Participant: 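Just dropping this structure here.
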Amino acid sequence: MKQKAVVLDHAAINRALTRIAHEILERNKGVDDLMLVGIKTRGCPLANRLGAKIAEIEGVEVPIGEIDITLYRDDLSHVSSDEQPVIHQADLQSKISGKKLILVDDVLYTGRTVRAAMDAIIDQGRPSQIQLAVLIDRGHRELPIRADYIGKNIPTSQDEVIVVALDETDHEEQVSIYEN
């Protein structure tokens, strides 16, 4: 793959997350019954960053959890027996029933990851609401899913790939478009 462009650098990612944190607080009228849940892998550090920004703004820490969607993916039937997935347990610090959950992920593409995350959450309890925050929305939905909070819309072709690199997971910080 060939890098086509860097669309967000460290400062732009930070600005996008600050804006999303403010939008979450405005829409939910504060932090009452709010919980952030990061979708493994890159949704988790983004959820932690949003939680820190919300705490900075409101002076209250919001519970943050992690969800692993591996078992809920609809493409597991295509995995060979040599490539068995690594399963991680859900790490939801508090009970989610009755909470307003904000699912956090890096890129929204087909919607299948979000569908799997909702299935995984429903198996853990019954939140009063599930909202979605993503750093990048690149279009090409296959399911009727949309984000409530978007850092940046980046229309792409099917031949392009969005790569989100975060300090916590990749030791660099940028969002790039690559072309096959």
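This structure is a prediction, so every number in the text was calculated from the model and none was measured.
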Participant: Examine distances only and state if a side-chain atom of Ser97 and a backbone atom of Pro127 form a donor-acceptor pair shorter than 3.5 Å.
Facilitator: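 Checking the backbone N and O of Pro127 against the side chain of Ser97, no donor-acceptor pair under 3.5 Å is found.
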Participant: Output yes when a side-chain donor or acceptor of Glu173 lies under 3.5 Å from a complementary backbone atom of Asp167, and no otherwise.
Facilitator: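 Yes: the side chain of Glu173 pairs with the backbone of Asp167.
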Participant: Inspect the contact between Arg146 and Asp137 and indicate whether a charged nitrogen and a carboxylate oxygen are less than 4.0 angstrom apart.
Facilitator: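 No, this pair does not count.
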Participant: Can you check whether Ile122 reaches Ile130 side chain to side chain, under 4.5 Å on heavy atoms?
Facilitator: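 A side-chain contact exists here, since the closest heavy-atom pair is under 4.5 Å.
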Participant: Restricting to salt bridge (Lys or Arg N to Asp or Glu O under 4.0 Å), what partner residues turn up for Glu168, sequence neighbours left out?
Facilitator: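 Glu168 satisfies salt bridge (Lys or Arg N to Asp or Glu O under 4.0 Å) with Arg49 once adjacent residues are dropped.
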Participant: Run the numbers on Lys100 and Arg27 for side chain to side chain contact (heavy atoms under 4.5 Å, CB included), then give the verdict.
Facilitator: CA-CA 11 Å; Lys100 292 182 270 186; Arg27 178 178 284 182; over 6 Å; no
Participant: Do Leu25 and Leu50 share a hydrophobic cluster, counting only Ile, Leu, Val, Met, Phe, Trp and Tyr and linking them when any side-chain heavy atoms are less than 4.5 Å apart?
Facilitator: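 Looking at the clustering, Leu50 is in the same group as Leu25.
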Participant: Would you say Ser157 and Asp159 are linked by a side-chain donor-acceptor pair, where the criterion is simply a distance under 3.5 Å?
Facilitator: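 Per modelled atom types, Asp159 and Ser157 side chains form no pair under 3.5 Å.
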Participant: Would you say Ile13 ends up clustered with Val7 if hydrophobic residues are merged whenever their side chains have heavy atoms under 4.5 Å apart, either directly or through other cluster members?
Facilitator: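 Yes: a chain of side-chain contacts under 4.5 Å links Val7 to Ile13.
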Participant: Nearest 0.5 Å, what's the OG-CG distance between Ser176 and Leu8?
Facilitator: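 Going from OG on Ser176 over to CG on Leu8, the span is 9.0 Å.
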Participant: Do Val60 and Val62 sit in the same hydrophobic cluster, where Ile, Leu, Val, Met, Phe, Trp and Tyr count as joined when their side-chain heavy atoms come under 4.5 Å apart?
Facilitator: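 Cluster IDs for Val60 and Val62 match.
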Participant: Could you grab the distance from atom CD1 of Ile24 to atom NZ of Lys53, nearest 0.5 Å is fine?
Facilitator: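 Answer rounded to 0.5 Å: 12.0 Å.
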Participant: Specify the closest pair of heavy atoms between Leu135 and Leu17, including all atoms of both residues, with the distance to one decimal.
Facilitator: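 For Leu135 versus Leu17, the nearest heavy atoms are CD1-CD2, 4.4 Å.
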Participant: Which heavy atom of Ile20 sits nearest to which heavy atom of Ala133, and what is that distance?
Facilitator: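 Shortest heavy-atom contact: CG2-CB, 4.1 Å.
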Participant: Could you tell me whether the side chain of Asp170 and the main chain of Leu166 form a donor-acceptor pair under 3.5 Å?
Facilitator: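 The answer is yes, because a donor-acceptor pair under 3.5 Å joins these two groups.
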Participant: Between Lys2 and Glu179, is there a side-chain N and carboxylate O pair less than 4.0 Å apart?
Facilitator: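 Result for this pair is no, no salt bridge flagged.
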Participant: Does any non-hydrogen side-chain atom of Ile177 lie less than 4.5 Å from one of Ile162?
Facilitator: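 Of all side-chain heavy-atom pairs linking Ile177 with Ile162, at least one is under 4.5 Å.
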Participant: Same cluster or not: Ile102 versus Ile57, using hydrophobic residues (I, L, V, M, F, W, Y) connected whenever any side-chain heavy atoms lie under 4.5 Å apart?
Facilitator: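 Same cluster: Ile102 reaches Ile57 through Ile, Leu, Val, Met, Phe, Trp or Tyr contacts under 4.5 Å.
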Participant: Quick test of your reading of the model: are Arg19 and Glu23 salt-bridged, counting only N-O distances below 4.0 Å?
Facilitator: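 A salt bridge links Arg19 with Glu23.
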Participant: Ignoring hydrogens, what is the shortest heavy-atom contact between Gly111 and Leu143? Give both atom names and the distance.
Facilitator: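 Where Gly111 meets Leu143 most closely, the heavy atoms are O-CD1, 3.8 Å.
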Participant: Among pairs that include at least one residue of residues 114-150, which meet ring pair (Phe, Tyr, Trp, His ring centres under 6.0 Å), considering only residues two or more places apart or in two chains?
Facilitator: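 For residues 114-150: Tyr109-His140.
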Participant: Taking the side chain as every heavy atom from C-beta outward, state whether Asp33 and Ser128 have any pair of such atoms under 4.5 Å apart.
Facilitator: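 The answer is no; the side chains never approach within 4.5 Å.
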Participant: Quick one: does any side-chain atom of Asp68 pair with a main-chain N or O of Thr70 as donor and acceptor, under 3.5 Å?
Facilitator: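 Between the backbone of Thr70 and the side chain of Asp68 there is a qualifying donor-acceptor contact (under 3.5 Å).
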Participant: Mind checking the CG-CG spacing from Asn28 to Leu34? Nearest 0.5 Å is all I need.
Facilitator: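 So the gap between those two atoms works out to 5.0 Å.
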Participant: If you take all heavy atoms of Ile145 and Met118, which pair is closest and at what distance?
Facilitator: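 Nearest pair, atom of Ile145 first, then Met118: CD1-CE, 4.1 Å.
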Participant: Is there a donor-acceptor pair closer than 3.5 Å between any side-chain N or O of Arg138 and the backbone N or O of Val161?
Facilitator: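 Checked: no pair found.
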Participant: Who pairs with Asn48 by side chain to side chain contact (heavy atoms under 4.5 Å, CB included), at least two apart in sequence or on another chain?
Facilitator: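 For Asn48, the residues satisfying side chain to side chain contact (heavy atoms under 4.5 Å, CB included) (neighbours in sequence not counted) are Ile64.
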Participant: Work out which heavy atom in Val31 is nearest to a heavy atom in Glu58; give both atom names and the distance.
Facilitator: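 The answer is CG1-CG, 4.0 Å.
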Participant: For the residue pair Ala21 and Ile54, what are the closest heavy atoms and their distance?
Facilitator: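 Where Ala21 meets Ile54 most closely, the heavy atoms are CB-CG1, 4.0 Å.
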